[in-house]
Amino acid sequence: MKARRWMRRIRLEKEADLACLASFLERRSRENQGVRECVRRTLFNVRRLGDAALVEAVRAFDWSGCPGAQALRVEEKRLERAWRKCPSRLRSALMRSAASIRGFHSAQRIRGMRFRKRGLRAGLRALPMESVGLYVPGGRASYPSTLLMLAIPAQLAGVGRIAVATPAGPAGGPEESVLAAAWFLGIREVYALGGAAAVGAFAFGTRTVPRVDKIFGPGNAYVAEAKRQVFGAVGIDSVAGPTELVILSDGTAPALWVAADLLAQAEHDVLATAVLITTDPSEGDRVETETERLLAKSPRETIQRESLMRRGAVITCADRSIACAAARALAPEHLSIVAKVPRAWACRVPTAAAVFLGPYSPEAAGDYGAGPNHSLPTGGSARFSSPVTVWDFVRYQSYLELEEGALWEASPWMERLARAEGLRGHAESLAVRRLP
């Protein structure tokens, strides 16, 4: 089968050519003014009208037959029923995934610190969040794995209250697998609520949905924009955009495996980014040939094909140095390295959020609980953000205790600094403690 060149092709001969990647970076960071305004109105209504705005949002976007606010919270007996009806093989998969995720995150020790010198005691106390809201997407797919990835670190951190919001389907309830996962994890506060309205409910609180201290979880453009707009009123993990995968290859892995990985990424969303960066000039053709074969039997062909045409690319580079520089510039959410010595490539791409080393470590394994969290920064924000960890569910409180002699010793230079800044009151606050 002859390869069809329907994915964008880019060739990089030298690092100066990296400028041609600017269109990629600009395209994924564009804001949609319509989305921003729609979210602003939704959040305003939730803050002003409370439950009435939530019911209206559910009727408009998810479940037209929603009878009222009493239907927003999923009853415990429904959660239990979902678990009882869950196929035994899916139950087993959920339990094994949870065990792997728990094992990995249990190693993330939460520690404060103490500092002492003569007459001074100071430090940081680690305190778990009192309440968090976890957003689990719905719609095109079911994501019980996302609930596991978010809830288990929260539980390990000792969060007092964990609330979950996930969209109600047309039949009037969230995905059964998500409800089953919630029951298995011991979570009983679940809301059939999605989109910007769910974010607003968590941020501002209503009669039915109490507010939380921090919101976690991925979602569509409306969810991401809502999190951006409520930040400050409530904490957020990140403003996550469409998912991204960059595959770094030297051409030694089977083209079928690379094609399968690209399509696994593309099936998420038409806005998902799947990019192959290779040092093998002929690999692009081989991979596209295999991609066509896989698409012919894929139930999600339409989404995958549009995703790869809009956001996919094959970037052929002159050598490993340029290939790694290209990946470093893209700062992807997921970086899969299918090369003979993957660690040698990985050390050159510190800007990726999650790295998958070698042909037997596909990104899909990370999605389903091999250990590390799959809730990750996107849109290039991996340059300054990190995967979700137990530490994200903890805040730190500093403390300071000075003895009289220590304050007397330090007060003169502290007062000089205060006066240099023009803050006489601060200087006086220190000075009065040295008066006889």
Side-chain angles (χ1 to χ4, degrees), residues 3-13 15 17-30 241-251 253 255 257-291 294-295 303-339 342 345-346 348-349 351-357 359 361-364 366-367 376-383:
R4 293 180 57 195
R5 291 200 167 196
W6 43 267
M7 290 176 69
R8 183 180 179 187
R9 297 296 184 102
I10 299 172
R11 180 159 187 87
L12 303 179
E13 296 290 346
E15 290 204 24
D17 296 337
L18 292 174
C20 71
L21 298 180
S23 61
F24 249 92
L25 302 174
E26 290 168 5
R27 183 172 57 199
R28 71 182 182 185
S29 64
R30 285 177 190 152
T243 186
E244 308 157 349
L245 169 68
V246 167
I247 298 177
L248 265 179
S249 174
D250 60 3
W257 296 8
V258 176
D261 290 350
L262 291 172
L263 288 174
Q265 181 68 11
E267 75 174 344
H268 278 292
D269 192 293
V270 296
L271 297 179
T273 296
V275 174
L276 168 63
I277 301 177
T278 178
T279 55
D280 183 340
S282 64
E283 186 175 19
D285 287 341
R286 298 197 307 273
V287 168
E288 286 213 54
T289 296
E290 296 297 341
T291 300
L294 292 173
L295 279 170
I303 293 172
Q304 290 167 311
R305 193 177 292 278
E306 184 175 353
S307 171
L308 292 178
M309 290 181 70
R310 292 174 62 172
R311 298 290 183 103
V314 175
I315 302 174
T316 304
C317 300
D319 55 39
R320 183 174 71 182
S321 177
I322 296 172
C324 290
R328 191 164 60 246
L330 292 174
E333 176 189 17
H334 306 100
L335 176 67
S336 177
I337 304 176
V338 287
W345 297 58
R348 299 189 180 196
V349 192
T351 57
V355 181
F356 302 83
L357 297 162
S361 308
E363 186 265 326
D367 277 351
L376 302 162
T378 63
S381 62
R383 293 177 296 108

Taking Ala353's backbone N and O only, do any of them form a donor-acceptor pair with Glu333's side chain (distance below 3.5 Å, no angle check)?
no

If you round to the nearest 0.5 Å, how far is OG1 of Thr316 from CD1 of Ile277?
10.0 Å

Flag side-chain contact, heavy atom, 4.5 Å: Val287 against Ile247
no

Do Leu376 and His334 make a side-chain contact, defined as non-hydrogen atoms from C-beta onward lying under 4.5 Å apart?
yes

Pair Asp285 + Arg9, salt bridge at N-O below 4.0 Å:
yes

Is the shortest heavy-atom distance from the side chain of Leu12 to the side chain of Cys20 under 4.5 Å?
yes

Taking all heavy atoms of Thr273 and all of Arg311, pick out the closest pair and write down the distance.
CG2-O, 3.6 Å

Which value, rounded to the nearest 0.5 Å, describes the distance between Asp269 atom CG and Ile303 atom CD1?
7.5 Å

Report the C-alpha separation of Val258 and Val338 in whole Å, then their side-chain angles, then the decisive distance to 0.1 Å, and conclude whether the side chain to side chain contact (heavy atoms under 4.5 Å, CB included) test is met.
CA-CA 8 Å; Val258 176; Val338 287; 4.3 Å; yes

Quick check: do Leu248 and Leu335 have side-chain heavy atoms less than 4.5 Å from each other?
yes

Any sub-3.5 Å donor-acceptor pair from Gln304's side-chain atoms to Ala266's backbone N or O?
no

Look up atom CD in Glu306 and atom CE in Met309, then write down how far apart they are to the nearest 0.5 Å.
8.5 Å

Side-chain touch Ser336/Leu245, heavy atoms, less than 4.5 angstrom:
yes

Are Leu295 and Arg305 close enough that some pair of their side-chain heavy atoms sits under 4.5 Å apart?
yes

Looking at Trp257 and Pro359, what are the two nearest heavy atoms and their distance?
CZ3-CB, 3.7 Å

To the nearest 0.5 Å, how far apart are CG in Asp261 and CZ in Phe356?
10.0 Å

Before giving the answer on side chain to side chain contact (heavy atoms under 4.5 Å, CB included), spell out for Asp280 and Arg286 the whole-Å C-alpha distance, their side-chain angles and the decisive distance to 0.1 Å.
CA-CA 10 Å; Asp280 183 340; Arg286 298 197 307 273; 3.1 Å; yes

If we only count heavy atoms from C-beta on, is the Gln265 to Ser307 side-chain gap below 4.5 Å?
no

Correct closest heavy-atom pair for Pro332 and Ala382 would be O-CB, 3.9 Å

Is there a side-chain contact between Leu263 and Thr291 (heavy atoms, below 4.5 Å)?
yes

The reported gap from OG1 in Thr243 to CD in Glu267 (rounded to nearest 0.5 angstrom) is 11.0 Å

Roughly how far, to the nearest 0.5 Å, is CD1 of Ile315 from CD1 of Ile10?
4.5 Å

Please tabulate, for side-chain N and O atoms in residues 323-330, each donor-acceptor pair with protein atoms closer than 3.5 Å (sequence neighbours left out).
{"unit_1": "Arg328", "atom_1": "NH1", "unit_2": "Arg348", "atom_2": "O", "d": "2.7"}

